[in-house]
2 protein chains.
Amino acid sequence: MYLWHQYYNYMFSLSEENYLKSIYHLEAIHGKGISTNSIAKKLETKASSVTDMIKKLAEKEVLVYKKYQGVSLTILGRKEATTIVRKHRLWEVFLVDKLNFSWDEVHDVAEQLEHIKSPKLIDELDVFLGFPKMDPHGDPIPDKEGNFQKIEKRLLSTLEEHKTGICVGVNDSSSDFLKYLDKNNISLGQKIKVLSKESFDGSLTILIHSKEITISKKISNNIYIQ
Amino acid sequence: MYLWHQYYNYMFSLSEENYLKSIYHLEAIHGKGISTNSIAKKLETKASSVTDMIKKLAEKEVLVYKKYQGVSLTILGRKEATTIVRKHRLWEVFLVDKLNFSWDEVHDVAEQLEHIKSPKLIDELDVFLGFPKMDPHGDPIPDKEGNFQKIEKRLLSTLEEHKTGICVGVNDSSSDFLKYLDKNNISLGQKIKVLSKESFDGSLTILIHSKEITISKKISNNIYIQ
DNA sequence: AAAAATATTTAGGCTTATCTAAAAAATTAT
DNA sequence: ATAATTTTTTAGATAAGCCTAAATATTTTT
């Protein structure tokens with residue numbers, strides 16, 4: 001039986017929620033007017049499937065859609081997406097703080113947990129965890145009202161030679177990337193100094209934990225510093 | 001060993017898991033050979049849908065099915081079902097012990113949480129909760145290997161006049177029933193004495209918390225005592 | 001501005017899990 | 001043992017969410 005009979009305000013399927021979340025994340029980067037193709041790429045699906053789904057979501061008034069012109073979330077859609085993000089990040093904190101998960105293990109499980117429908121569950125979890133402001137990857141956790149602090153941060157790849165920054169987040173939460181960081185002792189709160197920058201390929205030689213290592217542009221493009 | 005075998009429990013859909021769980025619970029009451037109709041009733045679906053699904057589950061070798069003869073879980077099917085029950089009950093303990101849920105609020109949320117797929121999650125949750133043996137309704141929680149202690153218990157409705165028992169479980173975890181129990185101060189561990197039994201309708205007058213109350217047969221049929 | 005390339009939508013199908021209605025088998029009653 | 005009833009299965013339909021292939025619209029290149 002359908003759950004939204006009980007929780008009228010939670011009337012989205014798992015698939016619809018994933019679309020909303022993806023569009024939300026894309027809007028955070030590219031602003032309004034998200035293309036069909038970019039959504040398809042993000043969700044690893046086909047553009048035709050995206051067209052089908054955005055028509056449905058437009059009817060539910062969580063986004064605005066005009067043929068060939070991309071989509072934008074409405075206030076309602078953004079609220080819904082923010083709730084999903086809130087759930088995802090709170091569950092990640094739970095897994096790391098309470099269940100001994102490492103930061104590279106939480107993403108896939110949180111992808112499932114974020115779809116659990118119970119307003120009480122998520123708000124009590126927030127209380128239980130002590131109202132955390134950040135998830136294990138340094139991303140902000142929206143509060144009950146959907147507000148969160150946007151922290152100052154820039155990509156490590158934009159830091160000038162001889163300057164120092166503190167790692168405050170990552171741009172990729174995949175297990176592979178995070179394991180790479182672990183292997184190289186790069187973690188949140190860590191001081192990183194750029195010793196030199198290779199102009200040909202953008203690779204950086206950095207000082208971390210009093211050790212020199214060289215990282216590719218792809219890596220430095222996925223590390224946020226402050 | 002093949003990879004899929006290690007994660008064999010990953011290959012069931014939410015719907016398949018619900019069928020397995022229902023058949024498991026029905027077998028606990030009625031033994032092997034569960035009828036199509038009883039499964040349909042339990043899952044609030046149609047017999048024809050059940051026939052379709054049990055054919056599919058038989059192909060996956062989690063149950064044995066012969067036309068017109070009902071179904072029985074295989075070892076594999078029982079193991080899978082036990083895992084789902086383990087997850088359901090551990091999540092219920094989590095909700096009550098850590099998130100301030102009352103015992104009448106946990107069932108629906110646990111119905112969702114039990115389908116989250118992550119072996120590490122459930123075993124770490126077990127550790128975090130201190131390896132609980134019982135859920136908030138007095139039902140035993142299977143351990144990692146699927147073993148659990150079957151506790152001695154009988155229905156309150158079978159207790160003779162003037163005898164006393166201790167409430168150790170309930171046979172219905174619906175919010176309505178549990179709220180009724182709360183209202184009448186009936187909870188796990190509570191001493192209950194049967195003062196008199198009405199032979200016409202089976203209703204009982206019981207002494208609980210030094211107070212006399214009368215409960216219907218339907219109620220006493222859903223309370224387990226020891 | 002026309003041609004080429006790219007992006008998006010439409011049309012038609014597939015799969016899963018459900019349903020209703022009808023047929024078939026099993027059980028119960030007479 | 002036959003008729004009536006109940007249970008179960010089959011047949012065919014539906015909806016969600018995805019797919020491929022083809023058509024159409026938009027953008028870029030020349």
Side-chain angles (χ1 to χ4, degrees), chain A residues 1-5 10-23 26-27 29-72 77 80 84 111-112 114-115 117, chain B residues 10-23 26-27 30-72 77 80 84 111-112 114-115 117:
Chain A
M1 200 39 68
Y2 298 113
L3 244 99
W4 53 264
H5 282 302
Y10 287 99
M11 49 189 182
F12 299 98
S13 70
L14 187 145
S15 193
E16 290 171 328
E17 289 191 349
N18 283 334
Y19 273 86
L20 288 172
K21 189 180 53 155
S22 291
I23 296 165
L26 289 167
E27 278 192 348
I29 302 169
H30 303 113
K32 304 214 144 219
I34 300 302
S35 72
T36 303
N37 255 4
S38 63
I39 298 168
K41 189 176 286 177
K42 183 118 190 166
L43 283 167
E44 296 179 85
T45 182
K46 301 297 167 182
S48 55
S49 306
V50 174
T51 302
D52 282 351
M53 182 58 94
I54 62 186
K55 279 178 185 169
K56 203 170 70 163
L57 291 173
E59 286 216 345
K60 293 194 174 186
E61 301 187 334
V62 286
L63 52 78
V64 178
Y65 162 62
K66 275 196 163 170
K67 273 189 187 178
Y68 296 98
Q69 284 173 230
V71 300
S72 299
E80 187 59 33
I84 301 163
E111 289 277 290
Q112 299 176 63
E114 72 189 4
H115 301 292
K117 286 160 177 43
Chain B
Y10 274 36
M11 52 189 191
F12 297 99
S13 69
L14 187 145
S15 193
E16 290 171 328
E17 289 192 349
N18 283 334
Y19 273 86
L20 287 172
K21 188 180 54 157
S22 291
I23 296 164
L26 289 167
E27 278 192 348
H30 303 112
K32 304 214 145 219
I34 300 301
S35 72
T36 303
N37 255 4
S38 63
I39 298 169
K41 189 175 287 178
K42 183 120 191 166
L43 283 168
E44 295 178 85
T45 185
K46 303 294 166 184
S48 55
S49 306
V50 174
T51 302
D52 282 352
M53 182 58 94
I54 62 187
K55 278 179 186 168
K56 203 170 68 163
L57 291 173
E59 286 216 346
K60 293 193 175 189
E61 301 187 338
V62 285
L63 51 78
V64 177
Y65 162 61
K66 277 197 162 169
K67 274 190 187 179
Y68 296 97
Q69 282 172 229
V71 301
S72 298
E80 185 61 31
I84 301 163
E111 289 277 289
Q112 299 176 63
E114 72 190 5
H115 300 291
K117 286 160 178 43

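Below, chain A is the first sequence line, B the second, and so on; all start at residue 1. What's counted below: heavy atoms across the whole structure, side chains too, no hydrogens, waters or symmetry copies.
For the pair Lys55(B) NZ and dA11(D) P, the computed distance is 8 Å after rounding to whole Å. Following rounding to the nearest Å, Ile39(B) (CD1) and dT7(D) (P) show an atom-to-atom distance of 14 Å. Atoms NZ (Lys46(A)) and C1' (dA22(D)) sit 16 Å apart, rounded to a whole Å. At whole-Å resolution of the value, NZ in Lys66(B) and P in dT9(D) are 13 Å apart. Following rounding to the nearest Å, Glu16(B) (CD) and dT18(C) (C1') show an atom-to-atom distance of 14 Å. For the pair Leu14(A) CG and dT16(C) P, the computed distance is 17 Å after rounding to whole Å. Rounded to whole Å, atom P of dT18(C) lies 9 Å from atom CG of Asn18(B). Protein atom CZ of Phe12(B) is 16 Å distant from nucleotide atom C1' of dT16(C), rounded to whole Å.
Closest to the Tyr65(B) side chain, of the nucleotides dT18(C), dT9(D), dA11(C), is dT9(D). Picking from dT18(C), dT10(D), dC18(D) the nucleotide with the shortest atom distance to the side chain of Thr51(B) gives dT10(D). Side-chain proximity of Ser48(A) to dT18(C), dC19(D), dC18(D): nearest is dC19(D). Of the candidate nucleotides dT9(C), dT18(C), dT8(D), dT8(D) has the atom nearest to the side chain of Asn37(B).
Under the 4.5 Å side-chain criterion, counting only non-hydrogen atoms from C-beta, Tyr19(B) is in contact with Ser49(B). The shortest side-chain heavy-atom distance between Thr45(B) and Ile39(B) does not fall under the 4.5 Å cut-off.
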Measure all distances between protein nitrogen or oxygen atoms and nitrogen or oxygen atoms of nucleotides 24-26 of chain D, and list the pairs falling under 3.5 Å.
{"from": "dA25(D)", "atom 1": "O4'", "to": "Tyr68(A)", "atom 2": "OH", "distance (Å)": "3.3"}

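Residue-to-nucleotide proximity on DNA chain D shows that, of Ala47(B) and Ala47(A), the 5′-proximal contact is made by Ala47(B).
Within the 4.0 angstrom heavy-atom criterion, only backbone atoms of the sugar-phosphate kind lie near Thr36(A); the bases stay farther away.
Using modelled atom types, one finds a donor on one side chain and an acceptor on the other under 3.5 Å when comparing Ser35(B) with Ser38(B).
Here Lys46(A) pairs with nothing under the salt bridge (charged side-chain N to carboxylate O under 4.0 Å, His left out) rule; sequence neighbours left out.
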Tyr68(B)/Thr36(B) under side chain to side chain contact (heavy atoms under 4.5 Å, CB included): CA gap, chis, key distance, verdict: CA-CA 8 Å; Tyr68(B) 296 97; Thr36(B) 303; over 6 Å; no

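Within a 6.0 Å sphere centred on NZ of Lys32(A), other residues, nucleotides and ligands contribute more than 12 heavy atoms.
Applying the side chain to side chain contact (heavy atoms under 4.5 Å, CB included) test between Lys21(B) and each of Lys42(B), Glu111(B), Glu80(B), Glu16(B) identifies Glu111(B) as the sole match.
Considering only side-chain N and O atoms, Tyr19(B) lies under 4.0 angstrom from the phosphate OP1 or OP2 of dT18(C).
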